[in-house]
Amino acid sequence: MKRLSRIRSFECSYLLYLMLPVLLLSCGTGQVSEPGISGVWKSPESGWVFQIEQDSSYSFFNGNALSCILYRKGPLTDFGEAIEVLGDTLFLKRGVLSYRFLRSLELPGDCGLALPPQKASDPMYNFEVFSQTLADHYAFMELNGIDWPVLYEQQRSKLLSDPTEFRLYEILEETLELLNDNHGYLEAGESFYERLEALSPPSETGEEQTHLKEYGDFEIANIVSEVYLSEEMTKESSLVRWGMLNAQTGYVQIKTMWLFADLDIPESRIEQLGYVEAYVEAFHALDEGTYIDREVAGIREIMERVMADLKASDRIVFDIRFNGGGQDAVSFEILRHFNDQKRKVALERLKGPAGFSPIQELWLGTSETPFVKPVYLLISPQTGSAAETLALASQSLPHIRRIGSNTAGALSTALEKELPNGWAFALSNEHFMDTKGVLYENKGIPVDYNLDYPRDRQEFFRLVAEAPGADLEAVRAALEKLQQQE
């Protein structure tokens with residue numbers, strides 16, 4: 001299941017319309033007015049290195065003190081309006097999270113140099129690069145009670161006794177588990193997994209066992225919405241369902257916070273890879289900021305239909321209980337349709353080798369015709385990542401109340417990295433907090449009315465699937481109690 005977490009991590013984590021003061025100085029043309037953008041720029045909180053030549057082309061590196069790997073190169077126009085420069089600081093907007101880059105006198109020595117194959121594949125070298133990245137950027141050592149020097153030596157000694165790529169993989173996986181990293185993943189590539197599978201002994205088949213049915217997010221969401229919708233209004237969307245719960249109450253269910261972008265994926269790739277894998281392949285061909293903009297455009301189009309259909313409702317029940325996340329920018333695009341004034345809704349900071357970045361304030365935009373009548377947000381332990389950022393930001397909107405149980409507690413952005421041997425991995429490098437600086441990692445966003453859902457994924461899903469009518473009645477009782485308090 002660890003490999004699947006890579007897809008959800010694009011749950012990833014990017015936060016809506018960030019009103020960073022320097023960006024407000026932009027003339028909005030996409031042209032950098034400051035002279036001297038050419039040169040080398042290093043991001044202390046991400047380990048990224050930007051080399052810009054003749055103000056028109058770039059090389060983008062991913063690295064740390066031990067390694068520097070070319071990630072992408074091309075014309076500077078790849079980034080559209082995402083780059084802004086003020087003095088000796090460059091800001092790169094990914095979604096709406098802005099990364100700062102400081103001017104550097106020269107490119108780090110390893111950047112752009114091809115490693116000898118023997119070194120690139122060396123398990124000990126790859127372990128050291130991985131460990132340095134964790135030491136530099138993992139944001140929850142203190143929160144999770146990690147003594148990193150002790151853990152590092154423990155894991156290093158294991159690899160020293162058996163320095164093979166298979167043992168390396170086991171140790172890196174184990175390290176991420178021991179860190180309790182909610183967005184950590186390791187992806188070694190299909191060829192490695194094929195070799196690993198060939199070495200694994202065949203499983204022994206014993207007596208047949210009775211297995212309980214397991215449900216997927218979308219499957220359980222569809223079961224619930226079929227019961228909740230007394231009148232269906234959904235049009236041209238499989239990811240969002242909406243309509244009326246009763247004559248006065250609208251109902252909206254959002255299944256995910258990604259997969260909304262129009263990426264022009266060839267049918268042949270979908271047939272070959274499956275839709276989700278083909279989608280991931282397509283967005284990796286784009287700059288991340290461009291891809292997230294397309295996600296936002298996709299959900300905006302759907303939300304305009306949703307709000308037009310439900311604007312006459314006295315209240316709306318908004319269900320994200322089965323939403324594992326995606327892009328924070330999608331979450332904030334959804335939430336702005338319920339916001340009547342610019343609001344500060346969250347704080348954020350990123351972890352680098354020298355500590356945390358200055359805190360950024362995250363602001364929520366508005367729509368022209370926001371819905372400001374009562375909204376009841378349904379959340380659960382399976383509300384994760386980007387869906388949680390919606391729940392957190394909703395705390396700043398006085399007409400929104402939360403029903404269900406605390407969310408998953410996995411709010412950090414996933415910082416994606418690559419090892420010299422080509423393996424991809426990610427780690428949590430962000431503190432995402434409410435406006436008072438409260439951190440909800442691990443514990444989740446709290447509710448106003450607790451329905452005490454099981455924390456275990458399948459236990460919760462089976463509880464709902466086996467009695468969706470009872471689930472609806474529990475929500476109705478919660479609505480009645482909260483309405484009496486208003």
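Taking a 6.0 Å sphere around NZ of K481, one finds it holds 12 or fewer heavy atoms contributed by other residues, nucleotides or ligands. No more than 12 heavy atoms of other residues, nucleotides or ligands sit less than 6.0 Å from atom CD of E197. More than 12 heavy atoms of other residues, nucleotides or ligands shown are found within 6.0 angstrom of CD on Q483.
Evaluation of the salt bridge (charged side-chain N to carboxylate O under 4.0 Å, His left out) test over residues 402-414, restricted to residues two or more places apart or in two chains, returns R402-D448. Sorted by first and then second residue, the ring pair (Phe, Tyr, Trp, His ring centres under 6.0 Å) pairs with a member in residues 302-321 read F318-F338; sequence neighbours excluded. Sorted by first then second residue, the ring pair (Phe, Tyr, Trp, His ring centres under 6.0 Å) pairs that include residues 260-280, not counting sequence neighbours, are W258-Y279, Y275-Y279. The salt bridge (charged side-chain N to carboxylate O under 4.0 Å, His left out) analysis of residues 266-276, with sequence neighbours excluded, yields the pairs R269-E281.
Judged purely by atom type and a 3.5 angstrom limit, R72 uses its side chain to pair as donor or acceptor with the backbone of L286. Side-chain N or O atoms of H337 include none that pairs as donor or acceptor with a backbone N or O of S367 at under 3.5 Å.
The pair R100-E45 meets the salt-bridge criterion, since a charged nitrogen lies less than 4.0 angstrom from a carboxylate oxygen. Taking a cutoff of 4.0 Å between a charged side-chain nitrogen and a carboxylate oxygen, E333 and R336 qualify as a salt bridge. Remark: R457 engages D217 in a salt bridge, criterion side-chain N to carboxylate O under 4.0 Å.
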List the steps, then state whether salt bridge (Lys or Arg N to Asp or Glu O under 4.0 Å) holds for R343 with D340.
CA-CA 9 Å; R343 297 178 193 271; D340 62 350; 2.8 Å; yes
Could you walk me through whether W41 and L92 pass the side chain to side chain contact (heavy atoms under 4.5 Å, CB included) test, one step at a time?
CA-CA 11 Å; W41 304 86; L92 175 64; over 6 Å; no
Are N144 and D181 close enough, and set up right, to give a side chain to side chain donor-acceptor pair (under 3.5 Å), and what steps lead you there?
CA-CA 9 Å; N144 292 334; D181 188 346; over 6 Å; no
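Judged by the 6.0 Å distance and 45° axis criteria, R195 is not positioned over the aromatic ring of Y169. With Y376 as the aromatic partner, R401 does not meet the cation-pi criteria of under 6.0 angstrom to the ring centre and within 45 degrees of the ring axis.
Between Y453 and F460, the ring planes are tilted. Angles from 30° to 60° get that label. Aromatic ring orientation, F79 versus F50: perpendicular (interplanar angle above 60°, classes split at 30° and 60°).
Not counting sequence neighbours, the partners of E219 by the salt bridge (Lys or Arg N to Asp or Glu O under 4.0 Å) test are K213. Among residues two or more places apart in sequence or in another chain, the side-chain hydrogen bond (donor to acceptor under 3.5 Å, both in side chains) test is passed with D136 by Q132. With sequence neighbours left out, the salt bridge (Lys or Arg N to Asp or Glu O under 4.0 Å) criterion links K73 to no other residue. Remark: D293 pairs with no residue by the salt bridge (Lys or Arg N to Asp or Glu O under 4.0 Å) rule, at least two apart or across chains. Listed by chain and residue number, E388 satisfy the side-chain hydrogen bond (donor to acceptor under 3.5 Å, both in side chains) test with T407 (two or more places apart in sequence, or in another chain). For E226, the salt bridge (Lys or Arg N to Asp or Glu O under 4.0 Å) partners at least two apart in sequence or on another chain are R241. Under the side-chain hydrogen bond (donor to acceptor under 3.5 Å, both in side chains) criterion, W242 pairs with D309, sequence neighbours left out.
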Distance-only criterion, 3.5 Å: show the donor-acceptor pairs between side-chain atoms of residues 244-253 and protein atoms not counting sequence neighbours.
unit_1	atom_1	unit_2	atom_2	d
N246	OD1	Q248	N	3.0
N246	OD1	T249	N	2.9
N246	OD1	T249	OG1	3.0
T249	OG1	R315	NH1	2.9
Y251	OH	Q253	NE2	3.4
Y251	OH	D319	OD2	2.7
Q253	NE2	A221	O	2.9

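The closest side-chain heavy-atom distance from F91 to F101 is not below 4.5 Å.
Side chain to side chain, N323 and T256 fail the donor-acceptor criterion of an N or O pair below 3.5 Å. Using a 3.5 Å distance cut-off with no hydrogens or angles, the side chains of D78 and Y58 do pair a donor with an acceptor. Between the side chains of E441 and N182, a donor-acceptor pair is found at a separation under 3.5 Å. Side chains of K417 and N62: a donor-acceptor N/O pair is present below 3.5 angstrom, by distance only.
Across every non-hydrogen atom of Y138 and S428, the tightest pair is CD1-O, 3.4 Å.
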